Amino acid sequence: MSSTLQEAVQALKTIKVKPCIPRKKKVADELLGKFKGIIPGGKTSTQFIKELRASLYGKIK
(Lines give C-alpha, C1' and ligand atoms only; values in the text may rest on other atoms or scores of the structure.)
Protein backbone atom coordinates (compact mmCIF):
# COMPACT_ATOMS: atom_id res chain seq x y z
CA MET A 1 0.00 0.00 0.00
CA SER A 2 1.71 3.15 -1.19
CA SER A 3 0.85 6.63 -0.03
CA THR A 4 1.95 10.06 -0.98
CA LEU A 5 3.50 12.68 1.23
CA GLN A 6 0.28 14.65 1.26
CA GLU A 7 -1.70 11.65 2.52
CA ALA A 8 0.88 11.16 5.25
CA VAL A 9 0.58 14.80 6.31
CA GLN A 10 -3.21 14.54 6.36
CA ALA A 11 -3.00 11.43 8.49
CA LEU A 12 -0.70 13.19 10.97
CA LYS A 13 -3.08 16.15 11.21
CA THR A 14 -5.92 13.88 12.28
CA ILE A 15 -3.99 12.53 15.26
CA LYS A 16 -5.29 14.10 18.44
CA VAL A 17 -2.90 14.74 21.29
CA LYS A 18 -4.12 15.03 24.85
CA PRO A 19 -3.16 18.32 26.48
CA CYS A 20 -0.43 18.10 29.08
CA ILE A 21 -1.62 17.86 32.64
CA PRO A 22 0.18 20.52 34.65
CA ARG A 23 2.46 18.97 37.23
CA LYS A 24 2.07 19.84 40.85
CA LYS A 25 4.82 21.95 42.33
CA LYS A 26 7.33 20.13 44.42
CA VAL A 27 7.22 20.79 48.14
CA ALA A 28 10.73 22.20 48.04
CA ASP A 29 9.73 24.71 45.36
CA GLU A 30 6.69 25.82 47.37
CA LEU A 31 8.70 26.35 50.55
CA LEU A 32 11.70 27.96 48.87
CA GLY A 33 12.37 31.30 50.52
CA LYS A 34 9.41 31.19 52.94
CA PHE A 35 11.62 30.70 55.99
CA LYS A 36 14.44 32.96 54.89
CA GLY A 37 16.21 34.67 57.77
CA ILE A 38 15.20 32.19 60.48
CA ILE A 39 18.67 30.65 60.73
CA PRO A 40 21.19 33.23 61.96
CA GLY A 41 24.05 34.06 59.64
CA GLY A 42 27.25 32.11 60.09
CA LYS A 43 25.51 28.95 61.29
CA THR A 44 24.39 25.89 59.47
CA SER A 45 20.89 24.53 59.94
CA THR A 46 22.33 21.53 61.80
CA GLN A 47 24.19 23.75 64.29
CA PHE A 48 21.09 25.87 64.83
CA ILE A 49 18.87 22.85 65.51
CA LYS A 50 21.43 21.39 67.94
CA GLU A 51 21.49 24.67 69.88
CA LEU A 52 17.69 24.80 69.99
CA ARG A 53 17.47 21.26 71.29
CA ALA A 54 20.12 21.95 73.92
CA SER A 55 18.37 25.09 75.15
CA LEU A 56 14.97 23.38 75.40
CA TYR A 57 16.20 20.28 77.21
CA GLY A 58 14.03 19.59 80.24
CA LYS A 59 11.66 22.50 79.60
CA ILE A 60 9.15 20.57 77.50
CA LYS A 61 7.09 17.87 79.18
Side-chain angles (χ1 to χ4, degrees):
M1 183 172 157
S2 64
S3 63
T4 64
L5 180 60
Q6 189 172 7
E7 290 172 345
V9 170
Q10 290 296 331
L12 289 174
K13 286 182 181 179
T14 60
I15 297 175
K16 294 183 180 181
V17 179
K18 293 181 182 179
C20 292
I21 300 171
R23 289 191 285 169
K24 292 182 180 180
K25 285 186 176 181
K26 294 182 180 178
V27 173
D29 292 336
E30 289 181 16
L31 296 177
L32 185 64
K34 289 197 177 187
F35 301 103
K36 188 175 181 180
I38 290 177
I39 300 174
K43 293 184 182 178
T44 64
S45 59
T46 306
Q47 292 171 334
F48 183 64
I49 290 171
K50 283 181 182 179
E51 289 177 7
L52 282 177
R53 287 180 179 164
S55 65
L56 294 174
Y57 182 74
K59 295 182 181 178
I60 300 174
K61 293 182 180 183

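On a predicted model such as this, the values are computed, not experimentally measured, just so you know.
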Quick note, salt bridge (Lys or Arg N to Asp or Glu O under 4.0 Å) partners involving residues 27-38, not counting sequence neighbours, are none
Taken to the nearest 0.5 Å, the spacing of K13 NZ from Q10 CD works out to 5.0 Å
Applying side chain to side chain contact (heavy atoms under 4.5 Å, CB included) to I38 and not counting sequence neighbours gives F35, F48
For L12, the other hydrophobic cluster members (4.5 Å side-chain criterion, sorted by chain and number) are I15
The side chain to side chain contact (heavy atoms under 4.5 Å, CB included) partners of Q47 (sequence neighbours excluded) come to K43, T44
Taken to the nearest 0.5 Å, the spacing of I39 CD1 from I49 CD1 works out to 6.5 Å
